[in-house]
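In what follows, every heavy atom counts, from backbone to side chain, and hydrogens, waters and symmetry copies are set aside. Please read all numbers here as calculations on a predicted model, not as lab measurements.
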Amino acid sequence: MIRFKPSGILIERTVLQNTLTKHICNMFPRLPRSVISNASDLPSTTLSSTLILAKQQGKSIVHCPGTPHYLCCNYYIIDIGIGCHYNCSYCFLHQYQQHPGTIVYVNADHILQSLSAYIKYKSPFMRIGTGEFTDSLITDHITGYSKKFIAYFARQDRCVLELKTKGTNIDNLINLKHNLQTVIAWSLNPEPIIRLEETASASLDQRLNAAQTCQKQGYPVAFHFDPIIYSDTWETAYQKAIRKLTQTINPDRIVWISLGTLRFNPHMKQIIQKRFPKSNIIYEEMIKGLDGKLRYIQPIRIEIYSKMYAWLKKYFPKTPVYLCMESPVVWKRSLGFVPGNHQELETYIMKRWGQIREEIRK
Amino acid sequence: MRHRSDWALLNINSKKFSSYHTIADSIPLKDILASDTRFRCSFPPSISSQLYMSIKTLGIMHPIICRTFPSSRTVQIISGFRRFNAAKKLKLSHIPAYVYPHKELTDKKAMVLIIHDNLTSRGFNIIEIARLLRALSSKSAFSEKEVISRFLPLLSLEPNRCIFERMIKLCSLKLPGQHLLAEGKISLQTAELILHVPSRERDIICTVLHKLKTGRNKSHDIVTLLYDISKREHISIQTLIQERFMQDILTAKNSSPPIMFHAMKSYLFNRRYPQLSKLKSEISSLIKNMQLPKNIRIQPPGSLEGEGITFELPVRNTEDLKQSIQILKQLISNPCFNELLKKT
């Protein structure tokens with residue numbers, strides 16, 4: 001895994017006096033730094049390794065937009081930054097992020113204040129993640145955000161935080177009082193896919209070892225086989241990955257596992273072709289789905305999900321396994337049931353977490 | 001020959017272009033060194049029939065721009081190569097021209113003049129823009145930054161490096177590809193895909209497209225299918241095109257370009273999407289085997305994504321409706337229909 005090391009710092013004028021800004025600048029006293037008016041107006045010298053310290057201006061917490069016509073899981077997102085140097089070939093950030101560099105929103109206190117206000121009047125329960133526009137832990141050695149967020153969520157009863165990562169940046173997570181309100185989750189793929197498509201991220205073994213460490217710290221853990229990449233050898237590869245998972249992780253403490261096959265906006269095909277010429281993931285049989293994204297044809301998806309579900313259920317019978325952004329037809333044909341709506345799906349996902357909490361609190 | 005000695009007014013950094021007026025001279029064609037094509041930006045260089053007819057009917061309405069040589073009586077063309085060639089073809093003896101002294105019109109200024117001269121008359125096609133940008137950033141020593149910020153907007157492009165680099169790359173397309181792009185037969189996206197393949201194979205793709213006489217969208221479909229298959233099957237596009245079936249399509253006697261296109265697209269699609277094609281053909285067979293009346297149609301979801309199948313039942317009166325209901329009822333126990341439901 002390549003750990004994020006900034007090559008320079010750009011600071012938005014509005015956050016010059018921010019405590020975290022000052023702390024980060026002290027951490028890297030020798031790095032070149034300059035002040036910018038706005039994170040959307042970057043100098044042409046900005047590199048992918050540039051760290052941009054900015055203020056979260058918009059809504060701090062948003063409902064996951066999901067995708068039209070497919071079943072969503074009622075997830076909420078806290079926006080802590082934009083950008084990820086893991087550089088996965090299929091990542092939507094290649095299209096979404098218009099500029100190089102990794103943006104970190106340094107006004108975490110404001111984000112948490114907004115969150116408190118939001119939680120007060122929102123639904124009875126919320127699953128909240130930070131890993132939408134960045135990896136949840138990729139800059140944690142610089143920001144220390146996990147400590148802040150885990151402490152905050154430990155005091156909450158009506159929401160759970162999910163920190164989703166492809167890395168091993170978990171040093172800050174050790175010896176924290178989390179009260180089971182934070183789930184640490186890893187995206188998993190077979191090692192050959194990690195080597196080809198997720199080149200700067202941690203290996204499968206490293207991810208599983210990190211998950212094991214977190215489990216030993218009492219954290220509930222979760223896994224996301226997403227995106228599942230289809231090939232002639234997908235069955236062997238994914239079975240092997242699942243076997244490794246069973247050998248490293250206590251199955252009783254896995255709160256959820258999600259499955260999602262590769263999907264992306266059609267424009268991404270060109271981007272992948274250009275930036276990742278060695279990647280072959282875009283040449284499988286994909287069609288434009290009802291949401292306009294390219295995805296594998298339905299029979300392939302059903303085959304993948306039904307097999308993965310059977311393999312996973314064999315080893316993790318208590319863990320809810322769910323599909324991410326899939327149609328009710330595919331749910332029914334691969335898992336044999338369909339949640340009636342996103343709330344039902346959320347209840348299904350949260351079942352095991354609730355049980356574990358009760359078991360431990362007893 | 002009068003020279004435009006008031007060049008000082010033509011400050012390329014200001015708006016004085018628009019305020020500058022001079023009367024053009026009529027100069028003998030023999031005084032123009034036609035072989036000096038250093039400043040030619042027109043692509044393709046051939047004269048269009050419209051230009052030829054226009055000059056034949058009305059003469060040259062828009063004077064060409066020339067520059068003197070330091071030690072010669074002849075002049076070189078800066079802008080107006082096609083007009084000059086048309087005049088030559090029409091055997092005109094003189095041509096209206098603005099002539100600038102060499103010392104006052106540097107290469108850099110000449111390039112700017114070409115852009116403005118053409119922008120006020122015909123505009124540029126995409127290859128001409130690509131060539132101009134390359135010339136601006138190399139020959140006339142404008143910095144890349146200057147070309148991006150100053151000339152891209154002038155050419156109606158967003159001033160960013162990515163667009164600049166995309167345009168410059170088009171210059172590495174070989175001539176057949178440049179022709180297709182300039183004539184609008186392929187899109188920029190298709191051209192970029194062609195640039196992804198090894199150089200020796202680009203001409204082969206262009207030859208196929210010439211034969212199929214396809215427009216932008218159809219060309220894109222063919223190139224994408226060829227490219228994707230070559231990646232899926234780890235074969236070269238050359239090998240793919242030289243396969244027997246493809247050659248049969250391309251060399252079939254009495255076959256029109258649209259027929260060739262449809263045959264090729266269908267073949268390539270089935271090869272690119274084998275499972276989808278197989279499924280579609282199975283679905284077609286099932287629908288056929290249901291032996292429904294011709295006016296009742298069953299439509300599976302597009303790309304087999306989505307929920308349920310759609311029926312089309314024309315109903316003119318209650319009798320029609322009764323009959324349709326009867327047919328639909330019978331479908332419930334039809335094994336082909338049940339199989340169809342499973343597949344969609």
Side-chain angles (χ1 to χ4, degrees), chain A residues 41-46 67-71 94-95 97-100 230-232 261 263 266-267 269-304 325-333 338, chain B residues 143-146 148-149 158-166 169 187-198 220 223-235 269-280 282-283 300-309 341-344:
Chain A
D41 185 20
L42 298 172
S44 57
T45 48
T46 310
T67 193
H69 308 284
Y70 296 96
L71 204 53
H94 297 304
Q95 186 185 4
Q97 201 180 356
Q98 300 290 318
H99 48 74
Y230 182 75
S231 69
D232 292 342
T261 51
R263 59 208 174 273
H267 186 62
K269 189 178 172 189
Q270 254 184 295
I271 296 174
I272 298 172
Q273 250 162 4
K274 198 174 164 187
R275 294 198 193 174
F276 303 93
K278 285 182 185 164
S279 172
N280 275 325
I281 58 171
I282 49 177
Y283 304 113
E284 280 305 328
E285 287 191 63
M286 297 180 110
I287 45 96
K288 211 180 246 189
L290 299 172
D291 57 353
K293 286 182 188 164
L294 291 178
R295 44 181 75 221
Y296 297 133
I297 56 172
Q298 203 165 277
I300 293 182
R301 300 201 320 268
I302 292 171
E303 184 201 343
I304 291 173
M325 294 184 199
E326 265 306 345
S327 69
V329 174
V330 173
W331 266 86
K332 180 79 182 162
R333 290 186 186 171
V338 194
Chain B
S143 72
E144 200 175 283
K145 203 177 166 187
E146 204 176 355
I148 292 168
S149 62
E158 284 286 318
N160 74 50
R161 180 178 301 274
C162 178
I163 290 182
F164 173 75
E165 283 169 358
R166 283 177 77 183
K169 270 187 192 160
S187 63
L188 174 60
Q189 201 186 345
T190 314
E192 287 176 330
L193 195 53
I194 293 174
L195 282 170
H196 274 297
V197 309
H220 188 70
V223 176
T224 305
L225 287 167
L226 287 170
Y227 188 81
D228 284 7
I229 293 168
S230 79
K231 288 285 178 184
R232 274 172 70 82
E233 300 181 10
H234 308 289
I235 56 168
F269 184 88
N270 290 343
R271 190 157 163 179
R272 166 69 178 87
Y273 299 96
Q275 295 194 58
L276 182 64
S277 305
K278 191 176 161 226
L279 199 60
K280 278 187 170 176
E282 283 169 2
I283 286 170
S303 301
L304 306 178
E305 185 76 17
E307 290 180 37
I309 52 176
L341 284 176
K342 277 184 203 162
K343 286 191 185 289
T344 52

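Using a 4.5 Å cut-off between heavy atoms, B/P301 does not touch chain A at all. Proximity to chain A is absent for every atom of B/S230, based on heavy atoms less than 4.5 angstrom apart. Looking at B/L304, only its backbone comes within 4.5 Å of chain A, counting heavy atoms on both sides. Contacts between B/K342 and chain A at a heavy-atom distance below 4.5 Å involve the backbone alone (N, CA, C, O). Of the two parts of A/P277, only the backbone, made up of N, CA, C and O, holds a non-hydrogen atom closer than 4.5 Å to a non-hydrogen atom of chain B. Only the side chain of B/L193 comes within less than 4.5 Å of a heavy atom in chain A; its backbone stays farther off.
Among the candidates A/R295, A/E284, A/K269, the residue making the largest number of heavy-atom pairs closer than 4.5 Å to chain B is A/E284. When A/R333, A/K274, A/M286 are compared by the number of non-hydrogen pairs under 4.5 Å with chain B, A/R333 comes out ahead. Between chain B and the options A/H69, A/R301, A/Q298, A/K288, the largest number of non-hydrogen pairs under 4.5 Å is found for A/Q298.
Here the CD atom belonging to A/Q273 is positioned 5.0 Å from the NE2 atom belonging to B/H196, to the nearest 0.5 angstrom. Between the NE2 atom of B/H234 and the CG atom of A/N280 there is a distance of 5.5 Å, given to the nearest 0.5 Å. Rounded to the nearest 0.5 Å, atoms CD (A/E285) and CZ (B/R232) are 5.5 Å apart. Atoms NZ and CD, on A/K293 and B/E305 in that order, are 12.5 Å from each other to the nearest 0.5 Å.
For A/I282 against B/R272, the heavy-atom pair with the smallest separation is O-NH2, 3.5 Å.
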